[in-house]
Amino acid sequence: MSISHAPPDSSGPDISPISTSKADSDDPAPLDLVPLVPTSSRRTRVPRWLRRTTGPLVLLALWQLLSSTGVLTSDVLASPGRIAHVGWDLVDNGSLPSAMTTSLQRVAVGLLLGTVIGTGLALVSGLFRIGEDLVDAPVQMLRTVPFVGLIPLFIIWFGIGEAPKVAIITLGVTFPLYLNVYAGIRGVDSQLIEAGESLGLSRWGLVRHVVLPGALPNAMTGLRYSLGIAWLALVFAEQINADAGIGFLMVQARDFLQTDVIVVCLIVYAFLGLLADFLVRTLERLLLQWRPTFTGR
């Protein structure tokens, strides 16, 4: 039996003065850190309103250029200058403001009725299984029928007054709202429902504090889409023996081959639709402040 008297291996650092001075001499010099600036922040910022108006202004300039060079004749499409002049004349004699007022009233009534009907059906179908069994299948069948194809039936049922025009707009608004609100309700996370139940919320409390806020983003999307359908339905609705409205001006201009008046009416339709979409987007930002989303870079 032999006993080794060798010193045990030392795994700790060598703290002798020689090794310490050597380590100090081997330390690299401190580096100067240069802050990195993202490439996006180094680019010159262009105001967003300028970027959004660039496209329409370029299109308008191209339109004017083609009209000035004779590529687009006045019989095919009037020049922007001519359209601006005709638009001013329609505003000056009161024809355009009166037509806009009538059309806005039709869209407002149809949008209100469609919103109430579409949202109500979506709530019944989304919150209750028996409601889904009774409501969803008929709605899915009706939404596949083109609402323009129902114009002859509406004329037979309601005559040629304001009722068929409002009915067409209402029908066009109802289905997009129904689909989006229904999808929003059924898309609420079930864990949130369980959390609300564990906190003692009643059924109405769950609907008010969990389901409806969760379905609100889809509902706002459906409202924006329904507004676009409402203006599209208005164009068809005002072809039914209308005696007032923007569509009535278009019918008169068609009979007299006035392309400038037709383009003015189309531009008015576009601006009214853009204004309505802007109002809904503003309302969406106000109601959905609690939900941070990606807004692009």
Side-chain angles (χ1 to χ4, degrees), residues 77 90 95-122 124-125 134-182 219 221-277 280:
L77 187 62
L90 291 175
S95 301
L96 190 58
S98 176
M100 289 175 58
T101 302
T102 303
S103 297
L104 284 173
Q105 289 176 352
R106 290 167 179 162
V107 170
V109 175
L111 181 64
L112 178 62
L113 293 176
T115 301
V116 172
I117 295 173
T119 305
L121 291 176
V124 173
S125 181
L134 296 176
V135 172
D136 188 64
V139 171
Q140 297 296 339
M141 292 172 60
L142 287 175
R143 78 177 184 88
T144 59
V145 178
F147 61 88
V148 179
L150 297 176
I151 292 179
L153 279 178
F154 287 165
I155 294 177
I156 295 174
W157 293 342
F158 306 115
I160 57 175
E162 291 296 313
K165 302 175 180 59
V166 174
I168 292 173
I169 298 172
T170 301
L171 193 65
V173 168
T174 299
F175 298 123
L177 266 175
Y178 171 83
L179 292 175
N180 283 273
V181 175
Y182 173 80
T221 302
L223 182 59
R224 290 182 62 186
Y225 185 63
S226 296
L227 274 171
I229 298 296
W231 292 110
L232 178 62
L234 178 67
V235 175
F236 293 102
E238 291 186 333
Q239 310 295 320
I240 308 173
N241 286 354
D243 55 0
I246 302 176
F248 173 68
L249 291 180
M250 292 183 65
V251 171
Q252 282 189 324
R254 179 199 62 192
D255 295 337
F256 293 99
L257 303 178
Q258 296 174 321
T259 59
D260 46 8
V261 177
I262 295 176
V263 174
V264 168
C265 295
L266 292 176
I267 292 175
V268 171
Y269 274 130
F271 273 104
L272 289 177
L274 187 63
L275 177 61
D277 184 73
V280 175

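Side-chain atoms are counted along with the backbone in the values below, which use heavy atoms only and exclude waters and symmetry mates.
- Here the shortest heavy-atom pairing between P164 and G159 reads CG-O, 3.2 Å.
- For the salt bridge (Lys or Arg N to Asp or Glu O under 4.0 Å) test, residues two or more places apart in sequence or in another chain that qualify with D260 are R82.
- Checked against I246 for a side chain to side chain contact (heavy atoms under 4.5 Å, CB included), the options T102, V235, L272 give a single hit: L272.
- Identified under the salt bridge (Lys or Arg N to Asp or Glu O under 4.0 Å) test for residues 153-170, with sequence neighbours left out: R106-E162.
- Contact detail for L111 and T115: the closest heavy-atom pair is O-OG1, 2.6 Å.
- Listed for the T144 side chain is a donor-acceptor partner under 3.5 Å among the backbone atoms of M141.
- Each of L275, I267, V268 was scored for a side chain to side chain contact (heavy atoms under 4.5 Å, CB included) with F271, with one residue passing: I267.
- The list of salt bridge (Lys or Arg N to Asp or Glu O under 4.0 Å) pairs with a residue in residues 137-151, not counting sequence neighbours, is empty.
- The side chain to side chain contact (heavy atoms under 4.5 Å, CB included) test applied to L142 returns F175, not counting sequence neighbours.
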CA sep, side-chain torsions, deciding dist, call: M250, L266, side-chain contact (heavy atoms from CB on, under 4.5 Å): CA-CA 9 Å; M250 292 183 65; L266 292 176; 3.7 Å; yes
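- The CZ atom of R254 sits 13.0 Å away from the CG atom of L249 when rounded to the nearest 0.5 Å.
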Donor-acceptor contacts under 3.5 Å from residues 223-234 side chains, at least two apart:
from : atom 1 : to   : atom 2 : distance (Å)
R224 : NE     : D277 : OD1    : 2.9
R224 : NH2    : D277 : OD1    : 3.3
R224 : NH2    : D277 : OD2    : 3.4
S226 : OG     : V173 : O      : 3.2
S226 : OG     : G222 : O      : 2.7

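- Between A244 and E238, the closest heavy-atom pair is O-OE2, 4.5 Å.
- A 4.5 Å side-chain heavy-atom check between Q140 and L179 finds at least one atom pair inside the cut-off.
- The distance from atom CZ of F248 to atom OG of S95, rounded to the nearest 0.5 Å, is 9.5 Å.
- A search for side chain to side chain contact (heavy atoms under 4.5 Å, CB included) contacts involving V261 returns V86, L90, A253, Q258, C265, not counting sequence neighbours.
- In terms of heavy-atom proximity, G110 sits nearest to I169 at CA-CG2, 3.8 Å.
- F158 and A167 get closest at one heavy-atom pair: CE1-CB, 4.1 Å.
- The closest side-chain heavy-atom distance from Y178 to I117 is not below 4.5 Å.
- Distance CD1/I156 to CG/L150: 11.5 Å, rounded to 0.5 Å.
- Note that CG of L177 is 16.0 Å distant from OH of Y182, once rounded to the nearest 0.5 Å.
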